[in-house]
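Numbering of residues begins at 1 and proceeds along the displayed sequence.
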Amino acid sequence: MEISSKENTHFFSNNTISPVDRSSFKSGSSASKEKQSCCGGIKIFLGALSFVYFAKALSGSYLKSTITQIERRFDIPSSLVGVIDGSFEIGNLLIIILVSYFGAKLHRPRIIGAGCLIMSAGTFLIAMPQFFMGRYRYERFPSTINSTVSLSPCLQDKSQTPLSALEKSQAKINAGCEKEAGSSMWIYVFLGNLLRGIGETPIQPLGIAYIDDYAVEENAALYIGCVQTVAIIGPIFGFLLGSLCAKLYVDIGFVDLDSVSISPKDVQWVGAWWLGYLIAGVISILAGIPFWFLPRHLPRPQGRKDSSTSSEHSKFIIEESKDQGTSSWKRARLAEMAKDFLPSLKSLFGNPVYILYLCASIIQFNSLIGMVTYKPKYIEQQYGQTSSKTNFVIGLINIPAVAFGIFSGGLIMKRFGVGVVGAAKLSLASSFLGYLLLLSLFAMGCGNSEVAGLTVPYHGAKPMSDHEQALFSECNSGCSCSRNDWDPICGEDGVTYVSPCLAGCHASNGTGKNTVFFNCSCVGTSESSQSSSAVVGPCQKGKECPTMFLYFLVVSVITSYTLSVGGTPGYILLLRCIKPHLKSFALGIYTLAIRVLAGIPAPVYFGVAIDTTCLKWGSKRCGGRGACRLYDSRALRYVYLGLTLVLGTVSIFFSVAVLWVLRERSPPQDETLSANGDRATCGTKSRKDHFVNSDQLIQSTYWPEKETRL
């Protein structure tokens with residue numbers, strides 16, 4: 001709808017609209033103009049907020065898509081990657097209560113605009129280490145890196161290597177150690193993600209409450225639903241951007257790509273992870289610009305001017321007439337706003353349904369956050385897929401399933417008039433069926449890759465419990481090999497060998513990716529006495545893996561949809577049991593609890609558990625353990641899925657408790673209240689004080705960074 005320049009000037013002014021004189025009638029033309037101004041203004045804010053939701057969802061999902069890239073680039077374990085991922089929640093924790101409570105009484109659009117600038121600064125900071133830490137170095141035998149010195153992989157005598165080459169190699173290692181010892185560049189990623197969390201904090205509570213305050217009552221839910229729908233598009237583009245960047249080599253533009261001897265299928269491959277953060281940072285800046293030009297207040301819709309429950313501002317701000325010359329917010333002192341803090345907090349925590357639902361959400365988000373954070377790693381390690389393909393699949397298949405599930409949940413409630421108890425039942429059924437489907441994934445895994453000395457023995461030798469000691473065998477006993485190297489090659493027998501030296505290879509031909517190793521004493525079968533050859537890179541996983549991966553995708557999509565269906569009913573249950581003027585505060589407390597008790601610890605202890613399944617750790621140039629190169633597929637499957645299911649089962653018990661309290665406290669007729677009609681009580685003293693309007697029924701659920709929770 002177009003609006004005239006006169007209406008634009010009126011609507012974007014900083015002064016509030018004077019109250020209606022109840023003793024006189026307003027002309028139809030004046031009422032029509034005010035309605036046009038209100039609708040046009042809220043739609044502009046709606047468009048700006050939708051773009052911000054897209055921007056924050058894109059950057060958040062892109063971070064998830066680069067988890068394995070960051071782990072390899074900085075040579076750190078999964079547990080430390082979990083700490084980096086949790087720093088976003090720490091940033092939220094620092095200011096969430098202040099923003100949710102006091103931000104609602106200040107200039108909300110400008111606070112959102114400032115948040116976008118902080119979010120973009122954090123995104124740029126994440127990418128900065130790429131420009132300061134030098135080129136990426138991966139473990140490779142010298143002959144595969146276009147070396148002019150002809151070396152034998154099996155160094156029977158170190159004198160085979162020219163002294164000058166050894167000295168140069170050692171000098172480079174020492175220089176690298178000095179640089180590495182003086183910096184831990186992953187800290188910049190940690191701090192950048194922390195800033196992202198701080199910048200994202202005001203967007204949801206202030207933006208959604210602003211729409212709910214100034215939108216026409218019957219349109220509020222539609223507008224909020226539009227914002228949440230646009231937010232789903234962000235993760236799709238985020239993961240697709242991650243897929244594109246993962247195909248590009250990390251140092252693209254800085255090195256000759258022809259000299260790169262690893263491929264995207266190699267576990268040492270690192271894509272251009274930093275490039276996507278630069279793109280996401282620019283988008284965040286653009287998204288924040290409109291909010292600096294939006295007004296603090298909008299004209300209140302005619303039907304809501306006298307409503308005591310429609311506006312969060314109504315408890316703190318009184319409209320004034322034009323001739324008073326000063327807006328009412330200037331008279332609202334900080335002490336007056338803080339006076340109601342403790343009573344508001346007591347009111348929230350005195351609500352049994354709110355507390356039980358909060359506990360159920362905390363446990364469930366521990367399950368979902370841990371599962372989604374390491375889902376790319378699980379797919380890569382379990383099914384032998386590349387980072388690029390993994391991100392593409394998640395972005396193009398899983399996220400649309402989540403969006404469709406959220407929409408279906410709201411549609412079911414609206415279509416069948418589901419009441420409060422019905423919403424609790426639907427949420428419980430969704431969780432139960434979702435985790436039941438997740439149970440079937442235990443049967444859809446791949447076996448371990450055949451790696452000599454780690455998962456399979458050399459030439460029929462007995463397996464050894466100590467994987468490191470099993471790397472050495474009679475066939476490579478004459479070679480001077482290091483157990484810390486990870487330079488996998490694929491033998492003719494279909495077995496992967498940790499390095500050309502451990503494969504007993506005595507000669508090589510070619511350079512880079514085309515290198516072929518010959519006269520490998522460990523390659524071959526026990527029946528064959530002849531030595532065989534090998535090529536650069538690990539062998540493909542078993543033949544059953546592609547089929548299992550397809551099964552996994554189908555079940556994963558259905559599971560994502562099923563779990564998402566229960567999100568909207570659960571959110572409606574939450575909103576219907578809090579006082580209308582405490583909406584932002586209640587959502588802020590809810591988000592705070594999720595951040596502190598789920599968002600921060602879940603990636604860390606999931607990462608620690610996943611690290612226990614590692615079979616072969618990489619080594620840093622200066623010594624010490626680096627990133628994991630090979631996982632025990634079976635152990636990884638049981639740890640990853642088992643931890644997810646245990647947490648999900650506990651959350652279901654809390655959901656059952658929520659349903660039980662509702663059935664005990666709600667009158668029988670409340671169980672079938674229509675979504676278009678009355679409000680339920682949730683066991684509270686006053687219906688009027690404890691429920692939001694029924695138009696909230698079709699809005700999408702708010703999950704903290706729900707766009708990445710697949």
Heavy-atom distance under 4.5 Å between the side chains of Asn351 and Ile355, does that happen here? no
Tell me whether the rings of Phe54 and Phe237 are parallel (<30°), tilted (30 to 60°) or perpendicular (>60°). perpendicular
Do Ser59 and Glu200 come within less than 4.5 Å of each other through their side chains, counting heavy atoms only? no
Among all residues two or more places apart in sequence or in another chain, which pass the side chain to side chain donor-acceptor pair (under 3.5 Å) test with Ser431? Gln364
Got a list of side-chain donor-acceptor pairs under 3.5 Å for residues 114-122, not counting sequence neighbours?
residue : atom : partner : partner atom : Å
Ser120  : OG   : Cys116  : O            : 3.4
Ser120  : OG   : Leu117  : O            : 2.7

Decide yes or no for Ile203 and Leu49: does some side-chain heavy atom of the first lie under 4.5 Å from some side-chain heavy atom of the second? yes
I'd like to know whether OH of Tyr561 has more than 12 heavy-atom contacts from other residues, nucleotides or ligands below 6.0 angstrom. yes
Backbone N/O of Ala280 and side chain of Ser284: donor-acceptor pair under 3.5 Å: yes
What do you reckon, is CZ of Phe124 surrounded by more than 12 foreign heavy atoms closer than 6.0 Å? yes
Validation row: Ile126, Thr66 side chains within 4.5 angstrom (heavy atoms): no
Given side chain to side chain donor-acceptor pair (under 3.5 Å), test Tyr357 with Ser427 step by step and report yes or no. CA-CA 11 Å; Tyr357 181 75; Ser427 179; 5.6 Å; no
Ring centers of Phe45, Phe291 separated by less than 6.0 Å: yes
State whether Tyr53 and Lys56 meet the cation-pi test: NZ (Lys) or CZ (Arg) under 6.0 Å from the six-membered ring centroid, and within 45° of the perpendicular axis. yes
Heavy-atom neighbours of Phe51 CZ exceed 12 at 6.0 Å: yes
Can you tell me how the ring of Phe407 sits relative to the ring of Phe404, calling it parallel under 30°, perpendicular over 60° and tilted otherwise? parallel
Kindly say whether Ser651 contributes a backbone atom to a donor-acceptor pair with the side chain of Ser655 at under 3.5 angstrom? yes
Quick one: are Ile198 and Asn92 in side-chain contact, heavy atoms under 4.5 Å? no
Hey, does the side chain of Ser65 reach the backbone of Tyr62 with a donor-acceptor pair shorter than 3.5 angstrom? yes
Before giving the answer on side chain to side chain donor-acceptor pair (under 3.5 Å), spell out for Ser388 and Ser243 the whole-Å C-alpha distance, their side-chain angles and the decisive distance to 0.1 Å. CA-CA 4 Å; Ser388 178; Ser243 175; 3.1 Å; yes
Would you find a donor on one side and an acceptor on the other, under 3.5 Å apart, between the side chain of Asn366 and the backbone of Leu597? yes
With a 3.5 Å distance limit and no angle check, can you tell me whether Ser430 reaches the backbone of Gly566 through a side-chain donor-acceptor pair? yes
